[in-house]
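Keep in mind that the numbers below use all heavy atoms, side chains included, and drop hydrogens, waters and symmetry copies. Note on naming: letters A, B, ... go to the chains in the order of the sequence lines (proteins, then strands), and numbering restarts at 1 for each one.
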Amino acid sequence: MNSRFALIDVNNFYVSCERAFNPKLENQPLVVLSNNDGCAVARSNEVKTLGVKMATPWFQLKDLAKKHHIVALSSNYTLYGDMSDRVMTILRDFSPNVEVYSIDECFLNLNGLNSLWPSATQMGQTMRQRIHQWLGLPVCVGFGASKTLAKLANHIAKKQPVFNGVCDLGLLSSEQIDALLSNIAVREVWGVGSRIGLKLEAAGIKTVQALRNTPTSWLRSKFGVVMERTGNELNGISCLALEEVTPPRKQIISSRSFGQLVYTLPELSESVASYVSSAAEKLRGQQSTCDAIKIFVHTNPFREKDPQYSNSITIPLPNASSDTRLLIRAALFGLERIYQPGFAYKKTGVMLIGISSIVMSQGSLFKEYGADEKSIKLMGVMDQLNRRYGRNTVSVFSAGNQKSWIMRRKIMSPCYTTKWHDVPVAYA
DNA sequence: TCTGGGGTCCTAGGACCC
DNA sequence: TCTGGGGTCCTAGGACCC
């Protein structure tokens, strides 16, 4: 069991959650729709086989749906979040080192677990069995020497039935791996998206195997350090560490498209206020404050014949805060400044920025981090905190004659706006 | 011969992920 | 008619400071 990382991923997560609670949906072609039932954000295998892509607008699917009896459900994120927690809880029994990567995926570090399992494959099969038995969810498991390889192994486990849902790349000979990876498109690699995928293909690098054999120096010069890292990871050189502690969010967005076009300031204000309230809740949930809020509005870019308008404004706050009422006041102040009558609005939202961990007193900092004023120099502790929470998290300021520490990001943005728009027209 | 250099902060834009 | 909602990181370039 040499592979150091495992990636466990629930198949078609939202769809599988719905099926777990309604077995009649088993074997039926099924999609789960986004907000306002706009797009298909999850597809069952039956629907994927029909060639339906992620985020396809539902209205474009209606004919296909009629023909193949596709069932469409509105999304239920509370349910999915709860099921996700249960999956992660089960997986924590397999390793103490878990990184919850997304709602339906997690990485495990397997260092030191060699003696507990005869093979990684057996461990993976046990995970599958347990999650299926306890929650009714299907998962696939990939093992590899790096996170990128574990991801790739998971992809193979999903696509190739011979692996029966568990693939350990560490078990294969290098000839077997070469053959396997020569048949997988380069875009399947974690970190290769559509843009870079196109460029790689244009350079003749079409398969994962070809990417693996590309000198990382070339990757760096063409695409930057991120791709260089991907190249190394594919060759079994682990560059990405397991991130067990979820760092606090650096920005929090709350936005939504309207079901119907919206024209007036009061209607927009109502939505903005409710988005601020949910964003502020998340902010307090991670014990943070923000020192600016950005508000944006959009017309519908798909209605190309309509006059288009998009604008945003950033309102700095006098003091870092997470107070809903204060944030709403700032947001509505900003909204009034970017609102233009005469446009049909499709989307609005807010973004909390300049997020910092909550202000701590010197005493509580010492207490929490075990720092002793005499033994640890100020800079040392600051470095430690900055490493933990990101650059510029900590700064020092003086209040009266007492030196205090404050954990915050220094952002003092001026209030500015960005926009694109056509000439407004009168509307009924 | 000879032009300032080094560092930080900030933004926009582009790429990626689920 | 109807087209998701979140996030992250990197890089280049300008402003500004000493």
Is there a donor in the side chain of A:Ser102 and an acceptor in the side chain of A:Asp104, or the other way round, less than 3.5 Å apart? yes
Decide whether A:Asn311 and A:Tyr309 meet the rule of one side-chain donor and one side-chain acceptor closer than 3.5 Å. yes
Answer with base, sugar-phosphate or nothing: what part of the nucleic acid does A:Ile196 contact at a heavy-atom distance below 4.0 Å? sugar-phosphate
Measure the distance from CG on A:Leu240 to P on C:dT8 and round it to the nearest whole Å. 16 Å
I'd like to know if the side chain of A:Gln209 pairs up with that of A:Arg212 as donor and acceptor (distance under 3.5 Å, no hydrogens or angles considered). yes
Sub-4.5 Å side-chain heavy-atom contact between A:Glu105 and A:Leu7: yes
Send over the distance from A:Met54 CE to B:dC18 P, rounded to a whole Å. 10 Å
Tell me what A:Gln251 touches on the nucleic acid: a base, only sugar-phosphate, or nothing, going by heavy atoms under 4.0 Å. base
Apply side-chain contact (heavy atoms from CB on, under 4.5 Å) to A:Val98 and A:Phe107, showing your working. CA-CA 6 Å; A:Val98 177; A:Phe107 287 101; over 6 Å; no
Under-4.0 Å side-chain N/O to phosphate OP1/OP2 contact, A:Arg249 with C:dG6: no
Rounded to the nearest Å, what distance is computed from the CD1 atom of residue A:Ile103 to the P atom of nucleotide C:dG5? 16 Å
Interatomic distance, A:Asp291 CG vs B:dC9 C1' [rounded to whole Å]: 14 Å
Does the side chain of A:Ser278 come under 3.5 Å of the side chain of A:Glu281 through a donor N or O and an acceptor N or O? no
Exercise answer: donor-acceptor pairs, residues 186-203 of chain A side-chain atoms, under 3.5 Å, sequence neighbours excluded:
unit_1   : atom_1 : unit_2   : atom_2 : d
A:Arg187 : NE     : A:Glu201 : OE2    : 3.3
A:Arg187 : NH2    : A:Glu201 : OE1    : 3.4
A:Glu188 : OE1    : A:His155 : NE2    : 3.3
A:Trp190 : NE1    : A:Tyr101 : OH     : 3.3

Is it true that A:Asn300 and A:Lys347 share a donor-acceptor pair across their side chains at a distance under 3.5 Å? no
Is the shortest side-chain N to carboxylate O distance from A:Arg86 to A:Asp82 below 4.0 Å? yes
C:dC9, OP1 or OP2 - any side-chain N/O from A:Arg229 closer than 4.0 Å? no
Would you indicate, yes or no, if C:dG4 has its OP1 or OP2 atom less than 4.0 angstrom from a side-chain nitrogen or oxygen of A:Lys347? no
Starting at atom NZ of A:Lys250, determine the distance to atom P of C:dG7, rounded to an integer number of angstrom. 13 Å
Side-chain donor-acceptor pair present, A:Thr216, A:Glu228, cut-off under 3.5 Å: no
Looking at A:Phe223, I'd like to know if the NZ or CZ of A:Arg220 sits under 6.0 Å from its six-membered ring centre while staying within 45 degrees of the ring's axis. no
Kindly state whether the ring of A:Tyr77 and the ring of A:Tyr14 have centres lying under 6.0 angstrom apart. yes
Do other residues, nucleotides or ligands put more than 12 heavy atoms under 6.0 Å from the CD atom of A:Glu270? no
DNA chain C contacts made by residues 81-92 of chain A, counting heavy atoms under 4.0 Å: none
Between A:Gly38 and A:Ser255, who's closer to the 5' end of DNA chain C by nearest nucleotide? A:Gly38
Taking any heavy-atom pair under 4.0 Å as a contact, classify A:Phe223: base, sugar-phosphate, or nothing. nothing
Side chains of A:Glu46 and A:Ser44: do they bring a donor and an acceptor to under 3.5 Å? yes
At 4.0 Å (heavy atoms only), tell me whether A:Asp104 reaches a base, stays on the sugar-phosphate, or touches nothing. sugar-phosphate
With the side chain of A:Lys282 defined as its heavy atoms from C-beta on, choose the nearest nucleotide among C:dG7, C:dG4, C:dC9. C:dG7
Please state the P separation for the pair C:dC17 and B:dT3 - nearest whole angstrom. 25 Å
Side chains of A:Thr324 and A:Arg284 only: does a donor on one sit below 3.5 Å from an acceptor on the other? yes
Within residues 208-222 of chain A, those residues having any heavy atom closer than 4.0 Å to DNA chain C are none
Taken to the nearest whole Å, OH/A:Tyr77 to P/C:dG7 is 13 Å
Would you mind classifying the nucleic acid contact of A:Val189 as base, sugar-phosphate or nothing, using non-hydrogen atoms under 4.0 angstrom? sugar-phosphate
Strand-adjacent residues in residues 56-70 of chain A, judged by heavy atoms under 4.0 Å from DNA chain C: A:Pro57, A:Phe59
B:dC18 phosphate, OP1 or OP2: any side-chain N/O from A:Lys151 under 4.0 angstrom? yes
Quick one: which of C:dG4, B:dC18, C:dG6 gets closest to the side chain of A:Ser254? C:dG6
Nearest-Å distance for atom pair CD/C1', residues A:Glu304 and C:dT1: 16 Å
Strictly below 4.0 Å: does A:Asn35 bring a side-chain N or O up to OP1 or OP2 of C:dG5? yes
Nearest to side-chain heavy atoms of A:Arg303, which nucleotide of C:dG4, C:dC2, B:dC18: C:dC2
In this structure, CG of A:Leu181 is separated from CD1 of A:Ile156 (nearest 0.5 Å) by 5.5 Å
Steps toward side-chain contact (heavy atoms from CB on, under 4.5 Å) verdict (A:Phe143, A:Leu110): CA-CA 9 Å; A:Phe143 295 95; A:Leu110 306 177; 3.4 Å; yes
Go nucleotide by nucleotide along DNA chain C from the 5' end; which of A:Ile252 and A:Val225 gets its closest nucleotide reached first? A:Ile252
Assess whether a salt bridge exists between A:Asp9 and A:Lys158, defined as any Lys/Arg side-chain N lying under 4.0 Å from an Asp/Glu carboxylate O. yes
Base-contact (B) and sugar-phosphate-only (S) positions in nucleotides 12-17 of chain C, heavy-atom cut-off under 4.0 Å, - elsewhere: ------
Map every base of DNA chain C to its dot-bracket character, where paired means a Watson-Crick or G-U wobble contact with both distances under 3.5 Å and | marks a partner outside the strand. ....||||||||||||||
OP1, OP2 of C:dG5 versus side-chain N and O of A:Ser257: anything below 4.0 Å? yes
Given the C1' atoms of C:dC18 and B:dC2, what is the spacing between them in whole Å? 23 Å
